[in-house]
Amino acid sequence: MPATVRVRELTIDDLDAAWELGRFAFGGSQERPASTSVEVPGMTRHGAFDDAGRLVGKAVDLHHDQWWSGRAVPAADVAGVAVAPEARGRGVARALLTALLHGAHERGAAVSALYPTVAAPYRALGWEAAGVLRTVDLATAALPRHRPAPHLTVRAGTPADLPAVADLYEQVTRHRNGMLTRRGKLYDHFNAEGDLPGDGVTLVEADGALVGYATWQRGRGYGANSVLTVDEVLAVTADAARELVGVLGSWASVAPTLRLCPLDGDAVSAHLPLEAARDHERDLWMHRPVDVARAVGARGWPVHVRGVVDFGLTDPLADWNTGVWRLAVADGAAELTRISGEADLRLHVRGFALLYAGAARARSVAQAGLLHTTGVAPDALDLLGAGGPAQLLDYF
């Protein structure tokens, strides 16, 4: 296997080979989704080719937007990274992700997230572990049951309700950090047919307005091993959350286990017996800035936070991020500007990722060797992490 590869965007003629490479890498089914054989808007597929023109690696840039404290930040979320077994350990993934990052920067992306099968190769390229998407199992019978609230209406959803469901999702997520906006060409493409997600959608309304919903999959059977999988359950009032939890609890006689991804600190989680939850699956996700100045300027910031701090940044993969910067935060906005000279605080891009995503404080980043100081305490860089921890609710 030659040590050099050529990386380019995949064309429609490359998609058969890309599908086969991904199927072997991830052990997927032979049943091929239609989206893997056509061009998809809002998605850039990159491929690495050897000297013989054989596809030996692939990676996908998903043109998502992420909510960061009320503002949509353009993202390059990474999926489908696969390398042929004969080409592994030869720099193929590095070449792919370097090309992906450069392409994402050119199209205006600011941040990036991914779910790794193994973290080390992505750490070497500047991504850092920032959180976990946690799927838990609960005994359905343990869910609290409440007397139905007379001012609420519970009904099954229809395709006509999907815009209201999307609006409620935005009400819950837009003030958080890291959550996908579920807007844009990519989502428009996959939602074009307007089908209901899963097997069913349960809606809770107050005076005709949607205040909560659950999307779920019934699964098979009704014995001791039967599972009701809740793809998503969100509410904007406590009454709606209690109503949804009660509806889910009503499945206890035929689905003894309830499986869901709780959203930390939301209305529904406040009514779930999470102390009894058992982890079913934990998916680590990693974060990285694509462009640090855009990442800072595009997001929202807590209105009560003010401050200025200078720091140096090293990014081996993206030289446009390397340099000395001044971070200024005030009145719910921030700006990152280049300055001359040296800085007492010197940050690696992985440390920037941890702070920006609220995954660590500056002292912890320094202890990890991702922040170096010259005679000053590192705490001033906690300003970069103002706004609380990021979280994802979508797997990609």
Q: Apply side chain to side chain contact (heavy atoms under 4.5 Å, CB included) to the pair Arg8 and Asp14, showing each step before the final yes or no.
A: CA-CA 11 Å; Arg8 62 169 172 80; Asp14 301 314; 2.7 Å; yes
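- Asp231 and Arg259 are not joined by a salt bridge, as no carboxylate oxygen comes within less than 4.0 angstrom of a charged side-chain nitrogen.
- No side-chain heavy atom of Arg363 sits under 4.5 Å from any side-chain heavy atom of Leu371.
- Salt-bridge formation is detected for the pair Arg326/Asp310: a Lys NZ or Arg NE/NH1/NH2 atom is positioned less than 4.0 Å from an Asp or Glu carboxylate oxygen.
- Sparse packing is recorded around CG of Asp207, with 12 or fewer heavy atoms of other residues, nucleotides or ligands lying under 6.0 Å away.
- Geometrically, Arg176 does not engage Trp67 in a cation-pi contact defined by less than 6.0 Å to the ring centre and at most 45° from the axis.
- A salt bridge is defined here as a Lys NZ or Arg NE, NH1 or NH2 lying under 4.0 Å from an Asp or Glu carboxylate O, and Arg288 with Glu128 fails to meet this definition.
- A search for side-chain contact (heavy atoms from CB on, under 4.5 Å) contacts involving His175 returns nothing, not counting sequence neighbours.
- Proximity of the aromatic rings of Trp285 and Tyr395 is defined here by a centroid distance below 6.0 angstrom, and this criterion is not met.
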**Q.** Test log, rule side chain to side chain contact (heavy atoms under 4.5 Å, CB included), inputs Val81 and Lys58
**A.** CA-CA 6 Å; Val81 181; Lys58 71 179 189 74; over 6 Å; no
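- Salt-bridge annotation for Glu39 and Arg45: absent, with no side-chain N of the basic residue lying under 4.0 Å from a carboxylate O of the acidic one.
- Using modelled atom types, one finds a donor on one side chain and an acceptor on the other under 3.5 Å when comparing Asp239 with His151.
- With no hydrogens or angles considered, a side-chain donor-acceptor pair links Thr202 and Trp216 at under 3.5 Å.
- Salt bridge Asp51/Arg6: absent, no basic N to carboxylate O contact under 4.0 Å.
- A salt bridge does not link Asp188 with Arg182: every distance from a Lys NZ or Arg NE/NH1/NH2 to an Asp or Glu carboxylate oxygen is 4.0 Å or more.
- The backbone N or O of Thr4 sits nowhere less than 3.5 Å from a side-chain atom of Arg90 that would complete a donor-acceptor pair.
- Ion pair Asp161/Arg155 flagged as a salt bridge, since at least one NZ, NE, NH1 or NH2 atom sits closer than 4.0 Å to an Asp/Glu carboxylate oxygen.
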Q: Start with the C-alpha distance between Leu370 and Leu347, add both sets of side-chain angles, then the distance that settles side chain to side chain contact (heavy atoms under 4.5 Å, CB included), and finish with yes or no.
A: CA-CA 6 Å; Leu370 300 174; Leu347 191 60; 5.5 Å; no
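- Around atom CZ of Phe190, more than 12 heavy atoms belonging to other residues, nucleotides or ligands sit under 6.0 Å away.
- Residue pairs meeting the side-chain hydrogen bond (donor to acceptor under 3.5 Å, both in side chains) criterion with at least one member in residues 189-198: none, sequence neighbours excluded.
- If you chain together hydrophobic residues whose side chains sit under 4.5 Å apart, Val227 and Leu143 never meet in one group.
- Ring orientation note: the planes of Phe396 and Tyr115 are nearly perpendicular, at an angle over 60° on the 30°/60° scale.
- Around CZ of Arg174, the count of heavy atoms belonging to other residues, nucleotides or ligands within 6.0 Å exceeds 12.
- If you check the side chains of Ser37 and Trp19, you find no donor sitting under 3.5 Å from an acceptor.
- Side-chain contact between Val292 and Trp320: absent, with no pair of heavy atoms (C-beta onward) separated by less than 4.5 Å.
- In the model, Thr181 has no side-chain atom that pairs as donor or acceptor with a side-chain atom of His64 under 3.5 Å.
- Between the side chains of Ser69 and Asn177, a donor-acceptor pair is found at a separation under 3.5 Å.
- Cation-pi contact between Arg299 and Trp301: present, with separation from the ring centre below 6.0 Å and deviation from the ring axis of at most 45°.
- Using bins of under 30°, 30° to 60° and over 60° for the plane-to-plane angle, the ring pair Phe311/Phe352 lands in the tilted bin.
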